[in-house]
Protein chains: 2
Amino acid sequence: MSKSPAACDVGAPEGLECCVPLAREPITPAQADGVVPMLKAIADPARLRLLSLVLSHEGGEACVCDLLPYFDLSQPTISHHLKVLHDAGLLHREKRGTWVYYIARPEAMRALGSLFTAAPSPVPSAALAGAGA
Amino acid sequence: MSKSPAACDVGAPEGLECCVPLAREPITPAQADGVVPMLKAIADPARLRLLSLVLSHEGGEACVCDLLPYFDLSQPTISHHLKVLHDAGLLHREKRGTWVYYIARPEAMRALGSLFTAAPSPVPSAALAGAGA
DNA sequence: CATCGACATCGATCAATGTCGATGTCCGTC
DNA sequence: GACGGACATCGACATTGATCGATGTCGATG
C-alpha cells in the first residue's frame, strides 16, 4: 500500500511497514499482511540458509552457482527459492554477464529485526519502553 | 535439553539455537531446522496478530476470550493457531479456572530478534552494513 | 552461426496447512 | 447432579507450497 511511513525511512520495498515493535501495540491486520510475506519467505530451511549464505558470502553477494553446492536440491528448486526471497523483497537480483548475483537488502533485514527488538538505530530507548505516545 | 549452547544461555526451549546472527556465518542446516518452526509459526497473519495482541495486552498475557473479538475466525481456528504458537515455543499456556491464559516467551522473542540484528559484540559484519558502518 | 553453460519457467505431483462445524472435556454455578 | 460457558480436539475440505524433470532463454565462446 502506498502510505508514507512516518519516521524511519529506510527505503522499504512495497509492503514494508517498518518500525513495528510487535509488543508496543497490536499490529494491525494491514501491517501483518505487509510483513507476513517476508516471514513466509524465511520460514523454510532452504530459504533461511540461502539468505544466510548470501549475507555471509564474500562481499555480501553470491551467484546461484555459489549456492548450489550447499544443497541436495535441484537447480530449479534453488532458483525457485531465490525467486521467493526476491519477490518478498529480501534479496536484490543483479545479472552480470552469464551469472546472476543475489544481494540481501539491509532495509528488509532491519525491518524484520525491528519486529522483535526494541528499535535498534532510530528512536532508541523510549520506543519499546513505556513510551506513551 | 540435551545439548549445551556455548555462551548466551537465554533458557531457550527445545530447538532454540540462540545467538545466530544470520549474517555472521552461514547458518547450519541443523540451526535452520531449529529456528524455522518459530518462523513458520509467525508467518501467518492471524498468528502474528495473536502474538502481538498477547505481547501488547495488559500484563503481557491474554485469555482466548480476550483475543476472539479481534478476528473473524471461528473459535476452533483461533484455538488451533494458539496451539501452533505454543508448540513452537513462542507462547506459554496457563490454565486459571475456566480460562486459559497465553503469555509470550521473552527468550523466544530474543532468539528471533537475534537472527536479524547484528550481534552486540564482535565484528560488525560488513556484509549487512552499508547501514550501521 | 553452432554450441555450451548459467539460470529461469513450466507442468505435474504429493504433502502440509488454514478453515470450518460438530463434538468432547473441564470448571463453576444453580 | 444438571446446566452453561470456555476452550480443545476431531474429521473433512480446499488451498497452498515444495519438489522434480523437461524445456526455454540468454550470454559467451569457438
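Note that the structure is predicted; figures quoted are calculated from it, not measured. Within every chain, numbering begins at 1; the chains are lettered A, B, ... in the order of the sequence lines, protein sequences first and strands thereafter.
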Please write out each protein N/O paired with an N/O of nucleotides 14-19 of chain C under 3.5 Å, distance rounded to 0.1 Å.
{"residue": "C:dG18", "atom": "OP1", "partner": "B:Arg47", "partner atom": "NH1", "Å": "3.4"}
{"residue": "C:dG18", "atom": "OP1", "partner": "B:Arg47", "partner atom": "NH2", "Å": "2.7"}
{"residue": "C:dG18", "atom": "OP2", "partner": "B:Arg47", "partner atom": "NH1", "Å": "3.2"}
{"residue": "C:dT19", "atom": "OP2", "partner": "B:His81", "partner atom": "NE2", "Å": "2.4"}

Separation of [X] atom [atom1] from [N] atom [atom2], in whole Å?
X       : N      : atom1 : atom2 : result
A:Asp72 : D:dT19 : CG    : C1'   : 13 Å
B:Leu82 : D:dA6  : CG    : C1'   : 13 Å
A:Arg93 : C:dC7  : CZ    : C1'   : 8 Å

Review point. So which pairs with a foot in residues 92-102 of chain B pass salt bridge (Lys or Arg N to Asp or Glu O under 4.0 Å), sequence neighbours left out?
Key: B:Glu61-B:Arg96, B:Glu94-B:Arg96

Study note, to complete from the structure: Quick note, salt bridge (Lys or Arg N to Asp or Glu O under 4.0 Å) partners involving residues 66-76 of chain B, not counting sequence neighbours, are none

Review point. If every non-hydrogen atom of A:Ser114 is compared with every non-hydrogen atom of A:Ala111, which pair is closest and at what distance?
Key: OG-O, 2.7 Å

Review point. So, for A:Cys65 and A:Pro69, which heavy atoms are closest and what is the spacing to 0.1 Å?
Key: O-CD, 3.2 Å

Approximate separation, where rounding is to 0.5 Å, of [X] [atom1] and [Y] [atom2]:
X        : Y        : atom1 : atom2 : answer
A:Tyr102 : A:Leu82  : OH    : CG    : 5.0 Å
B:Leu115 : A:Met109 : CG    : CE    : 10.5 Å
A:Leu112 : A:Leu90  : CG    : CG    : 6.0 Å

Review point. Which angle, to the nearest 10 degrees, lies between the helix axes at the two ends of the helix from C:dC1-D:dG30 to C:dC30-D:dG1, each defined by five pairs?
Key: 10°

Check your understanding: Within a strict 4.5 Å, meaning less than it, do heavy atoms of the B:Trp99 and B:Val64 side chains meet?
Key -> no

Review point. With a 4.5 Å heavy-atom cut-off, do B:Leu73 and B:Leu68 have their side chains touching?
Key: no

Revision key, fill the gap. Residues passing the salt bridge (Lys or Arg N to Asp or Glu O under 4.0 Å) test with A:Lys83, sequence neighbours excluded, are A:Asp87

Review point. Does A:His92 have any side chain to side chain donor-acceptor pair (under 3.5 Å) partners at least two apart in sequence or in another chain, and if so, which?
Key: none

Point to revise | DNA chain C contacts among residues 94-103 of chain B, heavy-atom distance under 4.0 Å | key: B:Gly97, B:Thr98

Review point. Which residues satisfy the side chain to side chain contact (heavy atoms under 4.5 Å, CB included) test with B:Ser74, sequence neighbours excluded?
Key: B:Pro76, B:Thr77

Anything under 3.5 Å between a donor and an acceptor, one on a side chain of residues 35-54 of chain A, the other on a protein residue two or more places apart or in another chain? List them.
{"residue": "A:Lys40", "atom": "NZ", "partner": "B:Ala43", "partner atom": "O", "Å": "3.0"}
{"residue": "A:Asp44", "atom": "OD1", "partner": "A:Ala46", "partner atom": "N", "Å": "2.9"}
{"residue": "A:Asp44", "atom": "OD1", "partner": "A:Arg47", "partner atom": "N", "Å": "3.2"}
{"residue": "A:Arg47", "atom": "NE", "partner": "A:Ala41", "partner atom": "O", "Å": "2.5"}
{"residue": "A:Arg47", "atom": "NH1", "partner": "A:His81", "partner atom": "ND1", "Å": "3.1"}
{"residue": "A:Arg47", "atom": "NH2", "partner": "A:Lys40", "partner atom": "O", "Å": "3.2"}
{"residue": "A:Arg49", "atom": "NH2", "partner": "A:Tyr70", "partner atom": "O", "Å": "3.2"}
{"residue": "A:Ser52", "atom": "OG", "partner": "B:Leu22", "partner atom": "O", "Å": "2.8"}
{"residue": "A:Ser52", "atom": "OG", "partner": "B:Glu25", "partner atom": "O", "Å": "3.3"}
{"residue": "A:Ser52", "atom": "OG", "partner": "B:Ile27", "partner atom": "N", "Å": "2.9"}

Point to revise | Residues in contact with DNA chain D, drawn from residues 55-68 of chain B - heavy-atom cutoff 4.0 Å | key: B:Cys63, B:Val64, B:Cys65

Practice item. Name the residue closer to the 5' end of DNA chain D, choosing between A:Gln75 and B:Ile78 according to the nucleotide with the nearest heavy atom. Key: B:Ile78

